[in-house]
Amino acid sequence: MLHLRSALLAALFLAACARTASTFDGGWEPSPDAGLVTPIRHVIVVVKENHTFDNYFGSFPGAEGASRIRLADGGVIEPPRAPLLTPHDLCHSHPCALQDWNDGGMDGWEKVENASVNGDLLAYAQYREEDIPNYWQYARRFTLADRFFSGQMGPSFPGHTFLLAAQSGWAEGNPSLSPLRPYWGCDQPAGTTVPVEDQQTCTVKQVAPCFDIPSVPDVLPPGVTWKFYGSRYYVLPEIWSMFNAIKPVREGPGWANVVHFTEFAEDLKNHRLPNVVWLVNEELANEHPRIGDVCQGENWTVQQLNLLMQSEEWKSSAVLFTMDDFGGWYDHVPPPRLIGCDPKRPYGLGFRLPLIIMSPWARPGFVFHEQAEQASIARFIETVFQSGVTLSSLDPAAQDGQANDLMNAFDFTQAPLEPLVLAPRICP
């Protein structure tokens, strides 16, 4: 069956190339035996902060959203409207996520600290189309996945790491931050630790947040290039990147590929966009509750994607827009797969996250209902570039080997979709 699928994809790819020969103009050329079966040559992973699927797309037509929310006492409420800048953060630690999950009941949010302050029911709130209209335009034009789950029940450190390595070294939470070195990972001061779930003893131990684990760059074939375009951490000079916590990258030559996001525009202009890209903003446009205004965050995303869609590289690109973690917001769909040493207190999967798939080859106006997860992003990259090896074959903690590769969200026989260039909004 796998050989049949590969042959079919190869035939579709050749047909697509016959219609659009310009797809392969410039840049990296695969060798004749590379076995590539799609016209995609650039995968751009855009990562923002802390929202669930219900929170952003709970009322999206045709998607599995939540127009009514069932509370633990049996009551049912309509989701309140979420503010563009939230008045307080929501607890999204591993213990809070387990409490929200409530043994699969998905009804524990109201008992979590800060889920509702002075009766605001913030954890249950949803954004409407008019609040994030450009994200909805992307979702309407291209493909929206409504069963895309976080790899873990918890916050940003493991969430970001999953998007680079299809695992997070079983980290449950975030490391402590030093005011002078607010960068998670190998650069943190000696003695800094992060809680990690020991899979042998099922206990939590404290380890340095510097993991010797493989990541996506380790499985890219020779000649396939990558970069992490990040932001500075406010006024500090260094670039924030979770690759800081992956020792082979932080202490190896790959660290030179961690650059400021302004280089994204320069690389597009000069036709040197890498094959695999992470595009991450950790400043005020990150959309994190209480920190990032959602309107400003959406504008930043639109500005970056406009650059891509107005470039030659759009013709051979696939954009995967998603979040690092659930941020404490409500989602009504229970995680379908439990991993970790204790099924009563699972490590993951976590709750659903938004995933918008944008490409000339994405199915137009399509809701992708197949089960997928954060590790699917690594699996997609491995499939596109025919890696021949998975991260899970290098380290069984990685989850990509069993993950959906997202290929059914694409149609390589269709006429390529035109770019969707949008105007940034005037934020209230």
Side-chain angles (χ1 to χ4, degrees), residues 5-6 8-46 142-143 163-164 215-229 254 257 259 263-279 304-322 356-364 376-390 400 405-420:
R5 183 188 186 208
S6 295
L8 177 60
L9 282 172
L12 298 180
F13 169 55
L14 292 174
C17 287
R19 286 197 312 274
T20 175
S22 62
T23 294
F24 282 103
D25 289 347
W28 171 70
E29 290 293 345
S31 64
D33 59 350
L36 297 189
V37 293
T38 81
I40 297 169
R41 295 177 55 209
H42 304 283
V43 177
I44 298 94
V45 184
V46 182
F142 300 107
T143 294
L163 294 168
L164 306 177
S215 59
V216 167
D218 293 311
V219 296
L220 296 179
V224 179
T225 56
W226 69 273
K227 269 189 183 180
F228 183 103
Y229 297 91
N257 294 352
V259 299
E263 292 194 22
F264 181 66
E266 289 299 310
D267 286 346
L268 283 170
K269 179 181 177 181
N270 293 297
H271 305 288
R272 59 180 184 228
L273 184 71
N275 304 112
V276 179
V277 165
W278 290 269
L279 187 55
Q304 307 311 310
L305 295 187
N306 281 350
L307 293 172
L308 173 67
M309 293 188 186
Q310 292 172 310
S311 74
E312 285 295 316
E313 279 70 19
W314 166 249
K315 299 174 183 177
S316 55
S317 291
V319 177
L320 306 177
F321 169 88
T322 190
I356 310 174
I357 301 169
M358 293 168 266
S359 171
W361 313 101
R363 294 181 182 270
S376 294
I377 289 180
R379 189 74 193 106
F380 176 71
I381 294 169
E382 293 162 353
T383 302
V384 165
F385 296 106
Q386 295 292 279
S387 295
V389 63
T390 62
D400 56 321
D405 64 8
L406 306 177
M407 295 301 284
N408 287 336
F410 296 83
D411 180 358
F412 299 110
T413 68
Q414 70 187 20
L417 299 180
E418 294 295 323
L420 180 62

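What you see is a predicted model, and the numbers here were worked out from it, not measured in a lab.
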> Closest heavy-atom contact between Phe142 and Leu420?
Replying inline: CE1-CB, 4.0 Å
> Is a donor on one side and an acceptor on the other found under 3.5 Å between the side chain of Ser387 and the backbone of Val219?
Replying inline: yes
> Backbone N or O of Arg363 within a donor-acceptor pair of the Thr143 side chain at under 3.5 Å?
Replying inline: yes
> Can His271 and Glu313 be said to form a side chain to side chain contact (heavy atoms under 4.5 Å, CB included), step by step?
Replying inline: CA-CA 8 Å; His271 305 288; Glu313 279 70 19; 3.7 Å; yes
> Just by distance, do the side chain of Thr225 and the backbone of Asn275 share a donor-acceptor pair under 3.5 Å?
Replying inline: yes
> Applying the side chain to side chain contact (heavy atoms under 4.5 Å, CB included) test to Asp400, which of Ile381, Thr390, Ile377, Thr383 qualifies?
Replying inline: Thr390
> Considering all heavy atoms of both residues, which atom of Gln386 and which atom of Pro221 are nearest to each other, and what is their separation?
Replying inline: O-CG, 4.1 Å
> With sequence neighbours left out, what residues match Phe410 under ring-ring contact (aromatic ring centres under 6.0 Å, His included)?
Replying inline: Phe380, Phe412
> Roughly how far apart are Leu417 CG and Asp411 CG, rounded to 0.5 Å?
Replying inline: 9.0 Å
> Please walk me through it: do Asp267 and Val259 pass side chain to side chain contact (heavy atoms under 4.5 Å, CB included)?
Replying inline: CA-CA 11 Å; Asp267 286 346; Val259 299; 5.7 Å; no
>> Looking at every heavy atom in both Ile40 and Phe385, which two are closest together, and how far apart are they?
In response: O-CE2, 4.4 Å
> Is the side chain of Ser359 donor-acceptor paired with the backbone N or O of Ser317 at a distance under 3.5 Å, no angle test?
Replying inline: yes
>> Applying side chain to side chain contact (heavy atoms under 4.5 Å, CB included) to Phe321 and Leu305, what does each step give before you reach the verdict?
In response: CA-CA 10 Å; Phe321 169 88; Leu305 295 187; 5.8 Å; no
> What's the verdict on side chain to side chain contact (heavy atoms under 4.5 Å, CB included) for Gln304 and Val46, showing C-alpha distance, side-chain angles and the deciding distance?
Replying inline: CA-CA 10 Å; Gln304 307 311 310; Val46 182; over 6 Å; no
> Any side-chain heavy atom of Tyr229 sitting closer than 4.5 Å to one from Pro274?
Replying inline: yes
>> Checking the side chain of His42 only, and the main-chain atoms of Ala318 only, is there a donor and an acceptor separated by less than 3.5 Å?
In response: no
>> Less than 4.5 Å apart, side chain to side chain, heavy atoms only: is that true for Val216 and Trp226?
In response: no
> From Lys227 NZ over to Glu263 CD, what is the distance, rounded to the nearest 0.5 angstrom?
Replying inline: 5.0 Å
>> Keeping Trp361 on the side-chain end and Thr38 on the backbone end, is there a donor-acceptor pair under 3.5 Å?
In response: no
>> How close do Val277 and Phe264 get, counting heavy atoms only, and between which atoms?
In response: CG1-CE1, 4.4 Å
> Could you state the interatomic distance from NZ (Lys315) to CD (Glu418), rounded to the nearest 0.5 Å?
Replying inline: 9.5 Å
> Roughly how far apart are Ile44 CD1 and Leu308 CG, rounded to 0.5 Å?
Replying inline: 5.0 Å
>> As an exercise, state the distance from CG of Leu320 to OG of Ser376, rounded to the nearest 0.5 Å.
In response: 10.0 Å
> For Asn257, which residues count as a side-chain hydrogen bond (donor to acceptor under 3.5 Å, both in side chains) partner, sequence neighbours excluded?
Replying inline: none
> Under the salt bridge (charged side-chain N to carboxylate O under 4.0 Å, His left out) criterion, do Glu382 and Arg379 qualify, and how do the steps go?
Replying inline: CA-CA 5 Å; Glu382 293 162 353; Arg379 189 74 193 106; 3.0 Å; yes
> Do you know which two heavy atoms are closest between Ser316 and Pro39, and how far apart they sit?
Replying inline: CB-O, 3.5 Å
> Backbone N or O of Arg272 within a donor-acceptor pair of the Asn270 side chain at under 3.5 Å?
Replying inline: no
